[in-house]
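Working notes, structure below.
Please read these numbers as outputs of a predicted model, since none were measured by experiment. Just so you know, ligand 1 is whichever comes first in the structure, and atom 1 is the first atom listed for that ligand. Computed from heavy atoms alone, side chains included, the values below leave out hydrogens, waters and symmetry copies.
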Amino acid sequence: MAETKKIEEEEQKITIEDLPGVGEATAEKLRENGYDDIMTLAVASPKDLSEIGGIAEGAAVKIIAAARKYADVGNFETGEEILERRRLIKKLTTGSKNLDDLLGGGLETQSITEFFGEFGSGKTQIMLQLAVNATTPVENGGFDSDVLIIDTENTFRPERIIQMSKYKGLDPDLVLKRIHVARAYNSHHQILLGEKAAELSKEFDIKLLLVDSLTSHFRSEYMGRGSLAERQQLLNRHMHDLLRFGTINNAVIAVTNQVSARPDIFFGDPMTPIGGNIVGHTATFRIYLRKSKGGKRIARLIDSPYLPEGETVIQLSEDGIMDGS
Ligand code: GTP
Ligand code: MG
């Protein structure tokens, strides 16, 4: 907690106008494109900046170099410190033993887990189930904690929470009291809510933060090639806010993502997740959901840093998520 405060204060002291070669006009251009603080500039590439227009590549190199000096990017931790932080990692059950096993015991705190798949593949159902599960005691695979949901598609349904809670023998009213839902009306609102999450965590013990959907606003607001760089920049910032929340609060971050069909892929599965490399690299665990017969869904773990790839079957039902067969 104290550490973020310190970082925030340091970031506030220096604005992008303080960087050499950044006058009023350049600052405005940078801000319009999502480069509104030292940290976003410090991690940008000269090519990204020069694509904005009006900034030569040489100037971009200087701006980034200066931003890197100010920003706390060279933050080294010893292996021992990282191990200590990782010892605190806790796991949240999905409700399906199969899926938990695939994930090495459940969804990890301090990481982002992404569920992607087409409409009706069960992403929202999994989010609702995770919300219920997080409120249950540790011995039942939960955190006995509150939950924060950033709902961008207006698909949160208290009725489903009630059904899933009853099935688990929980008091639905108590569960609903612990789930805090914020509706995000557009991508900027969504980013703001991601930042505000830290405030809510001072009042409530939040060990699960859900974003359903991570990408839909960004996808519909930033269409076409011209706005791609800006979209990726904003998504990157948003995801890092989420990750920071997860690290500071030792919380699970779970997000949903849609897929788009790639007409250039003729062999194999043409469905690819939205958000490109930014989402792909920031999410530690990615699970691809495919429809099967009835309420069955195939969940496939891809790109995990230390777990083997694999897939399993889950079942969507009135009572929630469980093992499929
Ligand atoms: P989009 O948000 O549209 O991309 O889809 P999604 O992946 O979030 O799909 P969602 O989680 O909404 O899954 C919808 C599916 O869940 C439906 O097709 C149903 O099969 C199943 N489902 C939802 N509610 C119930 C329910 O009350 N009972 C049962 N049996 N199945 C349900
Ligand atoms: Mg959904």
Side-chain angles (χ1 to χ4, degrees), residues 92-96 98-99 102-103 107 112-134 147-168 170 172 175-176 179 181-187 189-190 193 208-221 235 238 242 252-262 269-275 279 283 285-302 311-325:
L92 173 64
T93 182
T94 59
S96 155
N98 291 345
L99 185 51
L102 190 67
L103 286 164
L107 272 72
I112 297 179
T113 302
E114 172 200 1
F115 291 89
F116 71 92
E118 63 175 325
F119 67 93
S121 59
K123 304 181 293 291
T124 296
Q125 298 306 310
I126 291 176
M127 294 297 111
L128 297 174
Q129 183 72 65
L130 290 171
V132 171
N133 294 353
V147 178
L148 174 55
I149 303 181
I150 299 178
D151 179 10
T152 75
E153 301 188 305
N154 202 17
T155 50
F156 176 77
R157 292 289 173 273
E159 297 81 357
R160 290 292 290 135
I161 298 289
I162 293 171
Q163 285 174 324
M164 291 174 180
S165 302
K166 280 185 180 160
Y167 175 71
K168 284 181 155 270
L170 305 167
V175 174
L176 284 170
I179 301 176
V181 184
R183 178 86 210 281
Y185 295 97
N186 55 51
S187 63
H189 190 198
Q190 184 178 335
L193 289 170
L208 174 64
L209 169 56
L210 302 169
V211 185
D212 185 11
S213 134
L214 175 73
T215 46
S216 60
H217 282 317
F218 290 91
R219 183 190 200 181
S220 61
E221 289 166 32
L235 251 177
H238 182 45
L242 300 176
V252 165
I253 313 292
V255 304
T256 67
N257 190 7
Q258 275 81 5
V259 288
S260 67
R262 285 189 46 186
D269 193 337
M271 296 304 220
T272 54
I274 309 294
V279 176
F285 303 97
R286 313 192 83 184
I287 294 152
Y288 179 27
L289 296 166
R290 288 191 331 270
K291 290 182 196 167
S292 183
K293 281 189 196 121
K296 288 197 197 346
R297 298 292 184 270
I298 298 152
R300 179 170 188 82
L301 177 71
I302 50 174
E311 57 183 41
T312 190
V313 184
I314 59 168
Q315 176 78 45
L316 309 179
S317 79
E318 188 96 359
D319 297 328
I321 308 295
M322 46 201 72
D323 281 345
S325 50

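Counting heavy atoms from C-beta outward, F116 and V279 have side chains that stay 4.5 Å or more apart. With contacts defined as side-chain heavy-atom distances shorter than 4.5 Å, the pair F115/L289 qualifies. Using a 4.5 Å heavy-atom cutoff, the side chains of I162 and E159 are not in contact. For the pair N186 and E221, the minimum side-chain heavy-atom distance is below 4.5 Å. Under the 4.5 Å side-chain criterion, counting only non-hydrogen atoms from C-beta, S260 is in contact with T272.
Listing protein N, O or S atoms at distances below 2.8 Å from the Mg ion (ligand 2), with waters left out, gives T124 OG1.
A search for side chain to side chain donor-acceptor pair (under 3.5 Å) contacts involving R300 returns E309, E311, not counting sequence neighbours. Under the side chain to side chain donor-acceptor pair (under 3.5 Å) criterion, Q190 pairs with H238, sequence neighbours left out.
Side chains of Q258 and S213: a donor on one and an acceptor on the other come within 3.5 Å. Counting only N and O atoms by type, the side chains of N257 and T215 include a donor and acceptor under 3.5 Å apart.
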Which N or O atoms of ligand 1 sit under 3.5 Å from a protein N or O, and how far apart is each pair?
residue  : atom   : partner : partner atom : Å
ligand 1 : 4 (O)  : K123    : NZ           : 2.8
ligand 1 : 5 (O)  : G120    : N            : 2.8
ligand 1 : 7 (O)  : S121    : N            : 3.2
ligand 1 : 7 (O)  : S121    : OG           : 3.4
ligand 1 : 7 (O)  : G122    : N            : 3.0
ligand 1 : 7 (O)  : K123    : N            : 2.9
ligand 1 : 7 (O)  : K123    : NZ           : 2.8
ligand 1 : 8 (O)  : T124    : N            : 2.9
ligand 1 : 8 (O)  : T124    : OG1          : 2.8
ligand 1 : 9 (O)  : G120    : N            : 3.4
ligand 1 : 9 (O)  : G122    : N            : 3.4
ligand 1 : 11 (O) : K123    : N            : 3.4
ligand 1 : 11 (O) : T124    : N            : 3.0
ligand 1 : 11 (O) : Q125    : N            : 2.9
ligand 1 : 27 (O) : R160    : NH1          : 3.3
ligand 1 : 28 (N) : E318    : N            : 3.4
ligand 1 : 30 (N) : E318    : N            : 3.3

